Amino acid sequence: MAVASSVWMRRKVRHGGRTGGRRRPSVAALFADHWRKLMKLLKPLSPFRPGEGTGQVPSLRVTALALVGSWLCVAVAESVFGDLDETTSIAAIAEGGGRLTAGGLIALGAAALLGLALAGLGPIMRGSVAGRIGWALLVPAVPCSGAFAMFHLILVETGASGLNQTAMEQFVVERFQGPGLWAVPVTYYVFLGFLSMLLVLIALVRRGVTSVLAPVLFAAGFVGDNVVTGGVGEIACVCLMTVGAAVASYGLWRVSRQAPARTLAPESAGSGMTAA
């Protein structure tokens with residue numbers, strides 16, 4: 001009886017007071033498990049070298065300049081826009097028409113440079129599942145960023161002289177400040193497009209092109225941009241994303257000076273060890 005009682009007590013202690021069933025994993029164990037899965041995104045792959053794949057057009061240096069140039073344009077455009085793209089006052093739009101026009105044209109330049117950068121990033125993304133997903137989702141963000149620029153250029157026209165200001169102000173309030181199909185490409189660009197860019201930067205880290213600082217800075221800026229609305233804080237968050245892109249561009253420039261190689265070990269989508 002004493003032996004049986006001792007065995008029963010050991011089972012009770014082992015199962016947290018229960019005599020049957022499995023013990024639930026602790027919060028710390030669940031966190032550690034999810035953290036390990038997240039860290040797979042940063043697991044190193046075979047280093048990228050110039051000349052992989054069928055060719056590099058544009059070159060890595062042009063890709064680096066296009067990438068940092070695109071995000072510099074985004075930061076400058078955001079600084080030029082200020083809070084004008086959130087106002088409902090036609091008088092303020094008419095007064096700031098020059099800023100909206102300049103910012104819209106700069107944003108169009110950002111879209112063109114982003115498309116050029118994506119063309120050069122394609123061969124590097126072949127080695128990473130997460131990179132290929134991010135690259136594919138970022139392709140539609142190029143025309144969507146153009147739509148983002150056109151939104152501001154159209155907003156300028158609502159403040160043109162000779163129009164009924166009351167009607168135009170009602171149009172801006174009811175259409176441009178509310179839900180509508182016009183918001184689909186803009187929302188894709190400012191949310192899914194930025195997330196896709198983060199996946200691309202993570203893939204660059206895994207291929208040994210840049211340091212982990214690039215996606216960390218970009219992610220910090222992206223989170224801050226969705227928390228802070230308007231003002232200097234929002235501009236600072238966009239600048240932080242630009243710094244992350246600049247770090248990645250420096251890595252691309254550095255890799256372009258290395259000796260070319262022709263070997264590439266693609267990441268298997270079905271492998272639990274390397275798939276992101």
Side-chain angles (χ1 to χ4, degrees), residues 37-71 74 110-145 188-189 191-219 221-222 241-242 244-276:
K37 293 179 180 178
L38 180 62
M39 286 299 99
K40 287 183 179 180
L41 287 175
L42 297 179
K43 185 177 180 180
L45 299 173
S46 57
F48 176 81
R49 292 293 181 269
E52 287 186 2
T54 57
Q56 187 73 30
V57 180
S59 67
L60 285 176
R61 294 191 177 187
V62 173
T63 302
L65 293 175
L67 180 61
V68 67
S70 173
W71 282 98
V74 171
L113 289 173
L114 179 60
L116 182 61
L118 280 180
L121 289 170
I124 308 176
M125 297 299 106
R126 293 172 189 162
S128 169
V129 172
R132 291 197 298 269
I133 294 174
W135 188 89
L137 292 176
L138 199 54
V139 170
V142 175
C144 288
S145 62
Y188 186 101
Y189 169 63
F191 185 73
L192 193 56
F194 288 4
L195 279 179
S196 304
M197 188 68 209
L198 180 59
L199 288 178
V200 169
L201 294 180
I202 291 174
L204 291 178
V205 174
R206 300 187 68 191
R207 296 303 311 276
V209 173
T210 186
S211 71
V212 72
L213 191 62
V216 167
L217 289 173
F218 192 90
F222 174 71
M241 288 189 284
T242 303
V247 173
S249 298
Y250 171 75
L252 287 168
W253 189 278
R254 177 179 53 82
V255 170
S256 69
R257 297 181 297 179
Q258 296 179 0
R262 294 288 176 179
T263 59
L264 177 64
E267 181 182 6
S268 173
S271 172
M273 295 298 295
T274 56

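These numbers come from a predicted model, not from an experiment. The chain is numbered in sequence order, starting from 1.
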Taking all non-hydrogen atoms of both residues into account, name the closest pair between A203 and M125 and its distance.
-> CB-SD, 3.7 Å
Could you state the interatomic distance from CG (L204) to CG (L67), rounded to the nearest 0.5 Å?
-> 8.0 Å
Looking at T63, V200, V209, which one forms a side chain to side chain contact (heavy atoms under 4.5 Å, CB included) with I124?
-> V209
Is the backbone of V205 close enough, under 3.5 Å, to the side chain of T210 for a donor and an acceptor to pair up by distance?
-> no
Any side-chain heavy-atom pair of L121 and L252 under 4.5 Å | yes
Minimum side-chain heavy-atom gap V68-Y250 below 4.5 Å = no
To the nearest 0.5 angstrom, please state how far the OH atom of Y188 sits from the OG atom of S145.
-> 11.0 Å
Closest approach of L113 and G69, non-hydrogen atoms and distance?
-> CD1-C, 3.5 Å
Are the side chain of S256 and the backbone N or O of R61 linked by a donor-acceptor pair below 3.5 Å?
-> no
Closest approach of L192 to S196 (non-hydrogen atoms, all atoms of both residues) = O-OG, 2.7 Å
Supply the atom-to-atom distance L114 CG to L138 CG, rounded to the nearest 0.5 angstrom.
-> 5.0 Å
Only counting residues at least two apart or in another chain, list the ones meeting side chain to side chain contact (heavy atoms under 4.5 Å, CB included) with L116.
-> P58, V62, A66
Heavy-atom closest contact (G244 atom, A214 atom, distance) | O-CB, 3.4 Å
Nearest heavy-atom pair of A130 and L199: which atoms, and what distance?
-> O-CB, 3.8 Å
Which word best sums up how the rings of F218 and W71 line up, parallel for under 30°, tilted for 30 to 60°, or perpendicular for over 60°?
-> perpendicular
Which value, rounded to the nearest 0.5 Å, describes the distance between L118 atom CG and M197 atom CE?
-> 7.5 Å
Which atom of G193 lies closest to which atom of A141, heavy atoms considered = CA-CB, 4.0 Å
Are V247 and L201 close enough, and set up right, to give a side chain to side chain contact (heavy atoms under 4.5 Å, CB included), and what steps lead you there?
-> CA-CA 10 Å; V247 173; L201 294 180; over 6 Å; no
